[in-house]
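Predicted model, so just to flag it, every value in this text is computed and none were measured. Just so you know, residue 1 is the first one in the sequence shown, and it goes up from there. Both counts, for ligands and for their atoms, begin at 1 and track the order of listing.
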Amino acid sequence: MTIAVRPPDPKKLIKGATGDWEVVVGMEVHAQVTSKAKLFSGASTEFGGEPNSHVSFVDAAMPGMLPVINAECVAQAVRTGLGLRAEINKRSVFDRKNYFYPDLPQGYQISQYKQPIVGEGEVIVDLSDGTSFTVGIERLHLEQDAGKSLHDQHATMSFVDLNRSGVALMEIVSRPDLRSAEEARAYLTKLRTILRYLGTCDGNMEEGSLRADVNVSVRRPGDPLGTRCEIKNVNSIRFVGQAVEVEARRQIGVLEDGGTIEQETRLFDPGRGETRPMRSKEEAHDYRYFPDPDLLPLEFTDAWVEALQGALPELPDAKKARFVADYGLSPYDAGVLVAERVSADYFEAVAKGRDAKAAANWVINELFGRLNKDGKALDESPISAAQLGGLIDLVADGTISGKIAKDLFEILWTEGGDPRQVVEARGLRQVTDTGAIEKTIDEVIAANPDKVEQAKAKPTLMGWFVGQVMKASGGKANPQAVNDILKRKLGLE
Ligand code: MN
């Protein structure tokens with residue numbers, strides 16, 4: 001059993017009726033390998049086909065069929081291992097994990113038991129308060145997915161869809177290094193980001209490409225690990241957090257009532273906000289693992305691994321560090337931008353040759369905010385990086401004010417167009433003609449003699465005048481010029 005090395009963090013403890021408890025969480029994540037074909041057959045892995053339309057004789061376990069390893073799936077597992085800074089095992093073994101289930105026609109799952117393809121690694125997890133911590137990865141192994149039983153198609157019968165049968169999965173097992181629901185969510189978020197950068201799993205949780213089995217136990221701070229329960233197949237990051245929360249509370253309740261925790265597999269019901277028992281936990285020996293006689297041990301060379309390493313993309317941690325060092329961004333902003341490869345690329349296209357902090361502000365606050373409001377993804381953004389860059393240039397060279405820039409943003413969002421042409425066509429240029437500004441100021445002053453007197457006694461009232469002048473100019477007056485002239489006219493210099 002692993003001894004956790006992180007000391008208890010008082011802020012993360014849960015208060016029970018009899019004192020504080022520490023939550024301990026580890027995760028087994030099943031990530032569907034991005035690959036056109038299945039792990040041991042040429043059948044398609046495409047999502048959403050007619051039931052049983054992507055099934056080869058191998059996937060259906062017809063007598064005499066033999067599995068043939070898909071080299072691309074192996075490469076994907078190695079890439080993932082490299083992305084998790086893990087040890088790559090150049091020799092690994094496929095085993096049969098024996099159990100009966102109607103959606104498992106072989107009567108066993110081909111998996112890896114004692115010699116997985118990837119050994120120990122780590123994931124650096126970033127929290128919303130800007131701190132980071134490391135989660136140990138125990139192993140990553142390749143295995144087949146099972147089919148799916150359909151219970152809702154017929155009143156008295158269940159059907160089986162084998163489209164998923166034989167699809168390659170990477171099971172990524174973490175150490176019990178997580179100490180709260182937030183940490184569990186942050187870990188899965190980061191793992192998903194890394195997989196998506198690597199292109200080894202699309203991370204689509206709605207389609208089941210990424211599912212988490214969440215192991216939860218509780219203990220008194222400083223005590224050895226408690227007995228854990230495994231919450232099976234949690235299919236959203238939000239639900240992972242909720243499952244940790246309610247399962248920890250349940251276990252604390254049982255222990256504080258003098259009971260004991262039975263090691264078991266449980267299901268999280270998001271509707272009722274509770275976990276409930278599924279089955280008592282089976283042990284590894286119940287599966288009668290043995291090396292699959294139909295498959296040779298998997299072996300590859302250092303040179304092959306090095307070639308894969310050399311072709312890896314820049315990963316989120318390296319990109320974040322570069323954004324902080326090269327663009328002067330805060331770690332938080334850099335973290336937001338690198339969370340998805342597309343957003344990092346978009347930002348870099350906007351920032352190229354411009355003030356990077358302004359670019360980050362526009363991308364994070366205005367663009368992401370607007371995308372969120374409309375429920376759009378970045379690749380559906382009506383405003384391209386070139387358009388947003390053009391808008392920022394107009395602010396930088398004084399053509400438009402910051403306020404008009406926001407109006408322009410909205411015009412580009414709804415109607416499109418070249419930013420500079422839109423500004424010219426609509427007369428949005430900032431008025432820097434001091435004569436014109438002076439005239440507007442004189443009008444405002446003439447209309448408000450009482451306020452002028454008050455402002456002389458209370459200079460902060462100048463803000464009210466600035467507002468009135470900006471309003472009268474339709475937001476187009478250069479704010480600096482307005483301030484300078486107002487100060488002089490009100491005798492506040
Ligand atoms: Mn598994």
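The Mn ion (ligand 1) has no N, O or S atom of Asp213 closer than 2.8 Å. Among the atoms of His30, an N, O or S atom falls under 2.8 Å from the Mn ion (ligand 1).
Two residues are said to be in side-chain contact when any heavy atoms from C-beta on lie closer than 4.5 Å; Leu188 and Val29 meet this criterion.
Note on ring orientation: taking the six-membered ring where Trp is involved, the planes of Tyr113 and Tyr289 are parallel (angle under 30°, cut-offs 30° and 60°). Using the six-membered ring where Trp is involved, Phe300 and Trp304 have ring planes that are tilted, between 30° and 60° apart.
For Glu143, the N, O or S atom with the smallest separation from the Mn ion (ligand 1) is OE2. For Glu171, the N/O/S atom at the shortest distance from the Mn ion (ligand 1) is named OE1.
More than 12 heavy atoms of other residues, nucleotides or ligands sit less than 6.0 Å from atom CD of Glu415.
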